[in-house]
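Side-chain atoms are counted along with the backbone in the values below, which use heavy atoms only and exclude waters and symmetry mates. These numbers were taken from a predicted model, which means no experiment stands behind them.
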Amino acid sequence: MTDEQKNELFTDVFELLDIYKEYSPHHADGTNNLENIKPAIINMIDYIIKDPMEAAALKDWLDNTDFWTAPASTKFHGNFKGGLSLHTLMVIKQALEFAKPVLDNFFTSPGANNYTLTAKDIFVSALVHDFCKTGFYGVEYRNTKDISGNWVKQPFYKTKSENRNLGHGNESVLMLLKIMPSMIENRMVLEAVSRHMGFSDLSDSEKYNYSNFLENPLVVLLQLADQTAAQWFGC
C-alpha cells in the first residue's frame with residue numbers, strides 16, 4: 001500500500017471510531033445502552049459506504065430481518081434480545097481499535113505488498129460476520145420456579161430445528177453477496193468473513209490449507225476483534 005492509501009485507511013478508521021464513541025452503547029461497568037446501537041451502525045454505514053444503492057440495500061436488509069433484536073447466542077455472549085447487534089457493533093469497534101497497531105506491524109512483513117485494504121473492508125467484514133445468526137434462533141418456554149417458589153414459564157432462546165447451514169462464516173458470505181453483489185470481487189473481505197471462526201467451523205479438507213488464509217491481515221484482524229469482543233467485554 002502507498003503512504004496515501006495508508007493515510008486514507010487510518011483517517012477513515014478514526015472517523016468511524018469517533019462515530020462509535022459518540023454513541024458508546026457499551027460501558028466500562030458492563031452495562032449497555034441498547035437503543036444507541038442502531039444509530040451508531042447506521043451513521044457508520046452512511047459514512048463509509050459511498051455507493052447510495054449499496055448503503056440503502058444494507059440498511060433495508062438490517063431493518064427487514066431480526067438483526068436488531070436477535071440474540072448473539074443461546075447461552076454464551078449476547079444471549080439476550082439485541083445481543084447480536086451489540087456483539088456486531090463491539091466487533092466493529094474492536095476491529096477499528098486494533099487496525100492501527102496490527103496493520104502497522106503487518107506493513108513491515110514480507111507479504112505486505114500483496115494486500116491493499118480500506119476502512120470499508122474492515123467495517124463491512126465486522127458488520128456482516130454474524131449475519132448468519134439472523135432468523136436462526138426462536139423463543140421457547142420452560143417451567144421454572146420464581147423467587148417465591150411458584151412455577152412460571154421462562155422464555156429462552158433455542159436454535160431453530162429447521163435451519164439449513166453451509167457453515168457459520170460461509171452463510172454470512174452468501175448473505176453479504178446478496179446485499180452487496182459488488183463484494184464478490186473483494187477476496188480479502190470474503191476470506192475474513194468465511195474464516196472468522198478459525199478452525200472451529202471448518203471441515204477436514206478446509207483445515208488442510210487454513211494457514212494460507214492467515215496471510216490475509218483482515219482474517220487475523222477480524223478473528224482478534226470477534227474473540228476480544230466476546231471474551232474481554234462479554235458482548
Asks: Membership question, hydrophobic clusters at under 4.5 Å side-chain separation (ILVMFWY): are V124 and M1 in the same one?
Replies: yes
Asks: Mind checking the OG1-CG spacing from T88 to L84? Nearest 0.5 Å is all I need.
Replies: 4.5 Å
Asks: Please examine the side chains of V13 and K100, heavy atoms only from C-beta on, and report whether any two atoms are closer than 4.5 Å.
Replies: no
Asks: Roughly how far, to the nearest 0.5 Å, is CG of L127 from OG of S85?
Replies: 10.5 Å
Asks: Identify the heavy atoms of A225 and A95 that sit nearest to each other, and give their distance.
Replies: CB-N, 3.4 Å
Asks: Quick check: do F106 and L221 have side-chain heavy atoms less than 4.5 Å from each other?
Replies: no
Asks: Without hydrogens or angle criteria, can the side chains of Q5 and T116 be said to hold a donor-acceptor pair below 3.5 Å?
Replies: no
Asks: Mind checking whether M175 and L190 sit in one hydrophobic cluster, side chains of I, L, V, M, F, W, Y counted as touching below 4.5 Å?
Replies: yes
Asks: Roughly how far, to the nearest 0.5 Å, is NE2 of H26 from NE2 of H87?
Replies: 12.5 Å
Asks: Flag the pair D51 and K120 as a salt bridge only when some basic side-chain nitrogen lies within less than 4.0 angstrom of an acidic carboxylate oxygen.
Replies: no
Asks: Any non-hydrogen side-chain atom of I92 less than 4.5 Å from a side-chain atom of M44?
Replies: yes
Asks: Hey, does the Lys NZ or Arg CZ of K93 hover above the aromatic six-ring of F233, less than 6.0 Å from the centre and inside 45° of the axis?
Replies: yes
Asks: Is there side-chain contact between V193 and F131, with heavy atoms separated by less than 4.5 Å?
Replies: no
Asks: Take V189 and L176, measure what side-chain contact (heavy atoms from CB on, under 4.5 Å) needs, and give me the verdict at the end.
Replies: CA-CA 10 Å; V189 170; L176 168 61; 3.9 Å; yes
Asks: Looking only at atom types and distance, does a side-chain atom of S172 sit under 3.5 Å from a main-chain N or O of C132, one as donor and one as acceptor?
Replies: yes
Asks: Contact between T118 and E8 at the side-chain level, heavy atoms closer than 4.5 Å - yes or no?
Replies: no
Asks: Fit a plane to each ring of W61 and F67, take the angle between them on a 0 to 90° scale, and name the class: parallel (under 30°), tilted (30 to 60°) or perpendicular (over 60°).
Replies: tilted
Asks: Given M180 and I49, is the side-chain contact (heavy atoms from CB on, under 4.5 Å) satisfied, shown in steps?
Replies: CA-CA 11 Å; M180 302 173 67; I49 309 295; 4.2 Å; yes
Asks: Would a distance-only check, ignoring hydrogens and angles, find a side-chain to backbone donor-acceptor pair under 3.5 Å from T228 to L224?
Replies: yes
Asks: Is the shortest side-chain heavy-atom distance between I41 and W68 below 4.5 Å?
Replies: yes
Asks: Taking the side chain from N32 and the backbone from L34, do they hold a donor-acceptor pair closer than 3.5 Å?
Replies: no
Asks: According to a hydrophobic-cluster definition based on side-chain heavy atoms being under 4.5 Å apart (Ile, Leu, Val, Met, Phe, Trp, Tyr only), do I19 and L62 belong together?
Replies: yes
Asks: For M90 and Y20, what are the C-alpha separation, side-chain angles and deciding distance, and is it a side-chain contact (heavy atoms from CB on, under 4.5 Å)?
Replies: CA-CA 9 Å; M90 287 300 292; Y20 172 84; 3.4 Å; yes
Asks: Under a plain distance cut-off of 3.5 Å, with no hydrogens placed, do T134 and D66 share a side-chain donor-acceptor pair?
Replies: no
Asks: Please answer whether the main-chain N or O of L222 pairs with a side-chain N or O of D226 as donor and acceptor at a distance below 3.5 Å.
Replies: no
Asks: Backbone N or O of N36 within a donor-acceptor pair of the N33 side chain at under 3.5 Å?
Replies: no
Asks: Evaluate side-chain contact (heavy atoms from CB on, under 4.5 Å) for I179 paired with D60, printing each intermediate quantity in order.
Replies: CA-CA 9 Å; I179 303 163; D60 285 346; over 6 Å; no
Asks: Is there side-chain contact between P217 and L103, with at least one heavy-atom pair below 4.5 Å?
Replies: yes
Asks: Do R187 and Y115 touch side chain to side chain, with heavy atoms closer than 4.5 Å?
Replies: no
Asks: Checking Y47 against D12: is there a side-chain donor and acceptor pair closer than 3.5 Å?
Replies: yes
Asks: Under 3.5 Å, side chain of Q223 to main-chain N/O of R195, donor-acceptor pair present?
Replies: yes
Asks: Quick one: pull up OG1 in T11 and CG in L16 and give me the separation to the nearest 0.5 Å.
Replies: 11.0 Å
Asks: What are the two closest non-hydrogen atoms of E191 and N216, and how far apart are they?
Replies: OE1-ND2, 3.1 Å
Asks: For the pair H129 (side chain) and A126 (backbone), establish whether a donor and an acceptor sit closer than 3.5 Å, ignoring hydrogens and angles.
Replies: yes
Asks: State the CD1-CD1 distance between I122 and I48, to the nearest 0.5 angstrom.
Replies: 9.0 Å
Asks: Hydrophobic cluster membership, with links at side-chain heavy-atom distances under 4.5 Å among I/L/V/M/F/W/Y: are M53 and M183 in one?
Replies: no
Asks: If you round to the nearest 0.5 Å, how far is CG of L9 from CZ of F14?
Replies: 9.0 Å
